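Structure record follows, encoded as structure tokens.
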Amino acid sequence: MSACVPARTADANHTERTHPPHSPPPSGPRRPRIASADVSAAVAVFLIALPLSLGIALATGAPLQAGLVAAAVGGLVAGRIGGSPLQVSGPAAGLTVVTADLIQQYGWRTTCAITVLAGLAQLGLGCLRVARGALAVSPAIVHGMLAGIGVTIAVAQLHIVLGGTPQSSVPDNLRALPSQLADVHPAALFVSLLTLTLLLLWPRLPGRAGLLLHKIPAALVAVAGATAIAAAAGLVLPKVDLPSWRNHALAGLPEGPVLGLVAAVLTTTLVCSVQSLLGAVAVDKLASARPGGARVARSDLDRELLGQGAANIVSGSLGGLPVAGVAVRSSANVHAGAVSRNSTMLHGVLVVAAALLMVPLLEFIPLASLAALVMAVGIQMVSLHHIRTVTRHREVLVYAVTTLGVVSFGVLEGVALGIAVAVGVALHRLTRTRITHELEEGVHHVHVRGQLTFLAVPRLSRALHLVPQGSHAVVALDGSFMDHAAYETLQDWQSTHTAQGGTVEITGRRSGVRIAEPSALASAHLPGVDAGADGASEAHCRCRPWTAWRNHQCERPGLLPDGDRRPDPADATDGGSGADGALGTAASRTAAHRTGTGAKAAAAGAGGADPTRAPEPDRDGAGAHAGAGAGAGSGGSQLVRGIGTFQRYTAPLVRGELARLAREGQRPAQLFLTCADSRVVTSMITSSGPGDLFVVRNVGNLVPPPGAESGDDSVAAAIEYAVEVLAVRSITVCGHSGCGAMQALLDSGPGGGAGTPLRRWLRHGQPSLERLGARSAVPPRLTGRTPADAVERLCLTNVVQQLEHLRAHDCVARALKDGALELHGLYFHVGEAQTYLLTEQDEETVFDRVRAVDLAM
């Protein structure tokens, strides 16, 4: 709420005016307005839904009108009642296999009755508010189910593409494929290949004309183009046959074995519900990632389940296919700019109009063209991105079993197999723990790989007791879970081993989990002990999971005996805020005993000093504070701490990659020129690593133009080296918010001074200041908002000006002319953690937001 608007207090006696004073009341309720964005989105979705609905009905073996009924009901009923405003519902490719099996086994009228019963089941689940539970299904199972359905669809439709008739199952279709290939129908194959070609090439049309033509859906272009060419060529092909609506079959009483009908209802309910709920979540992600525009409320999943149930009841009663949320139409709806559920409902109205008025035109469509369209949809359901994702998460076995199960046995059986394998994999990961003991250079290493539960405690205990008394031990925990039994075993052994003169170093790869010093644990569990006696409580520590790259320092207000500040005991259990969040130990005290002054410096820098006793002298007689360098919290100590953290945690992870770079030399793809400001971390904002960027940093991210009076040619030399020797493919100039150099330019004004090295350097920014003050130039702007102040305007202008300075360098000009180089401008807003990319829009210089990409889509 704006500070300029007073908040209204509730007044029970106050009567709210229903119309302005001194004016007559409104004559009646206002007509609902439909936004123009919703109208255009509805048309786009309708043009996609029309051919797809007919194609899916064809693939299931249902009457072709059933696809139009389901599309209309999905738009009107699910669109009005459902909880996802922008999700489009209708006949879904994921239901094709299920529906085809039901039609073949029970007939069409009973299949409609099963759809009605599935809708009632969805209503019950929605009333029980269990929609969130459907999201607990492993993504590998869902993706495997969709991939299996996609394979089944593609293999079945391949027969229609070749001019034949599909069989009832994938094995039968594969066995019949050789004979079908020997008896290909040329006209059907030609129309199918033409449809697939248009479907593939239409989104790839180049140039401005392509950008305009891309607004027409590829599915509509493919089917309409193939239909027109087939009609012009006079090809004799089976075409769409839409009987009179007077003969349309409605739902009848279910006939068949009870158990079979129950299984059919459960299968339909499962597939419809899971696909719709996952689709609603995906639509929320798409809508939130849209640049600008109206914000749409997040999906209410329980209401969405109710809406889908109501739609299935209506669709089944009217003789339509089962209804579910559809990914292709939903994403088209979002990308077309829809802002409310009106777009979905209007698309349903358009489908009704087409079903009643466009029957003569629809009957020109060849069945082979629709089959090719549905086959392409089935192939797309086998997503390479999903396969890479499940492989990265070590769930490819679950994915493969689910896919093969759906292809071989059916959807319900395949999903059941996938769930069983997923449970087995989870139990295997939980119980599979490898514990090894090795002696290297006098240090005993105990390595634990996997989850550390009570089942692994006997093996852990045996490995720990192989470590002799008084020796130095390193326990590496390579897992993400440790239960209480394992924790107690490890902590008891640590306290016993250290009490007998040994030292223990416990490392791990999970942040937030730690094994405390025995003394610290005792203080933490004894009632009445004030943690502030030995240092501040952990509430004062601002550790975060990403503190490794921050070189984070946990400063605590505890005092050493001589008055210097000292780290808190919790630092000894933080694991030094290492790169992988190592488990905290007494490692720093161990290092101090083992290596003397240098190790104690690292120990003090890591915050690992024992808080319960005063520092003891080293073996060489040097005091503990002498080893600490300039004292805890000083710059030298922080430097040692950061280097020590790198050597201990990060270096083992990057050593192989750095060794490769040392052998092969650097081959960066980009020259990144940015400010020396400590808040601009190039590797963080570009997600880059060693060898990716050739970085030049200076005050104000300035690029002196060629021939400028300057005693420093380092920037020009770096540009020449990057372009001529390293052959970088792009150069980026990155400015940032709150730039002190730009503030200094504004303060000094035009001309500036040249008395100090800093002022002499800032003279290279004077062209930016002049550009900002020029009346003829249109200042650059940020997308979605105006620059906050004069400093931000100068920061944006400076990026544009420095890019012009870059183009003036001979090596850059030659590379740009040859097409071997690209120039980019960036603006990083520190407070927003938001990067803006320089673009040209309507002859204006605009810095547009760089948004997160949803890789799951």
Side-chain angles (χ1 to χ4, degrees), residues 138 392-398 420-522 524-525 572-576 578-591 593-594 608 648-649 652-653 655:
S138 170
R392 186 168 61 249
H393 291 90
R394 298 184 298 171
E395 292 185 323
V396 67
L397 179 62
V398 178
V421 173
V423 172
V425 169
L427 292 176
H428 175 71
R429 290 177 179 174
L430 190 62
T431 57
R432 182 176 179 269
T433 306
R434 295 179 57 193
I435 303 175
T436 59
H437 170 265
E438 297 177 353
L439 178 63
E440 296 181 3
E441 300 178 356
V443 180
H444 292 263
H445 293 268
V446 177
H447 195 172
V448 180
R449 299 176 180 88
Q451 316 313 315
L452 200 51
T453 66
F454 66 95
L455 298 174
V457 166
R459 284 177 289 156
L460 175 64
S461 181
R462 283 195 296 269
L464 293 176
H465 282 84
L466 293 176
V467 179
Q469 296 180 3
S471 61
H472 176 56
V474 176
V475 180
L477 304 178
D478 189 0
S480 59
F481 176 77
M482 178 170 56
D483 68 4
H484 187 260
Y487 177 87
E488 290 287 348
T489 300
L490 192 56
Q491 195 272 331
D492 291 344
W493 172 82
Q494 178 186 0
S495 60
T496 302
H497 190 73
T498 54
Q500 294 172 347
T503 56
V504 179
E505 180 179 345
I506 301 180
T507 63
R509 295 182 59 185
R510 179 170 180 253
S511 61
V513 180
R514 59 197 185 197
I515 303 295
E517 286 269 15
S519 57
L521 281 175
H525 292 292
T573 63
D574 267 352
D580 287 305
L583 303 183
T585 65
S588 49
R589 187 177 61 190
T590 298
H593 283 300
R594 186 171 67 251
R648 181 175 180 182
Y649 299 111
L653 302 178
R655 185 170 289 119

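If you're wondering where the values come from, they're calculated on a predicted model, not measured in any experiment.
Here His484 pairs with Glu488 under the side-chain hydrogen bond (donor to acceptor under 3.5 Å, both in side chains) rule; sequence neighbours left out. For Val457, the side chain to side chain contact (heavy atoms under 4.5 Å, CB included) test picks out Ala485, Ala486, Thr489, with sequence neighbours left out. Contacts of Arg392 classified as side chain to side chain contact (heavy atoms under 4.5 Å, CB included), with partners at least two apart in sequence or in another chain: Thr389. With sequence neighbours excluded, the residues that form a side chain to side chain contact (heavy atoms under 4.5 Å, CB included) with Arg394 are Arg429. Under the rule for a side chain to side chain contact (heavy atoms under 4.5 Å, CB included), the partners of Glu438 that lie at least two apart in sequence or sit in another chain are Glu440.
Between the His497 side chain and the Trp493 main chain, no donor and acceptor come within less than 3.5 Å of each other.
In plain terms, the two heavy atoms of Leu490 and Leu477 that are nearest each other are CD2-CD1, 4.0 Å. In terms of heavy-atom proximity, Ile435 sits nearest to Leu460 at CD1-N, 3.5 Å.
Within the structure, ring pair (Phe, Tyr, Trp, His ring centres under 6.0 Å) contacts touching residues 440-459 (residues at least two apart or in different chains) are His437-His444.
For the pair Arg648/Thr507, a side-chain contact is recorded, criterion being any heavy-atom separation below 4.5 Å from C-beta on. You'll find the side chain of Leu466 stays beyond 4.5 Å of the side chain of Val446, heavy atoms only. At least one side-chain heavy atom of Leu397 sits under 4.5 Å from a side-chain heavy atom of Val421. For the pair Val504/Val467, no side-chain contact is recorded, criterion being any heavy-atom separation below 4.5 Å from C-beta on.
To the nearest 0.5 Å, the span separating CZ on Arg459 from CZ on Arg434 amounts to 10.5 Å. Remark: Arg449 CZ to Asp478 CG distance equals 7.0 Å, nearest 0.5 Å. For the atom pair Gln491 CD and Ile506 CD1, the distance stands at 9.0 Å (nearest 0.5 Å).
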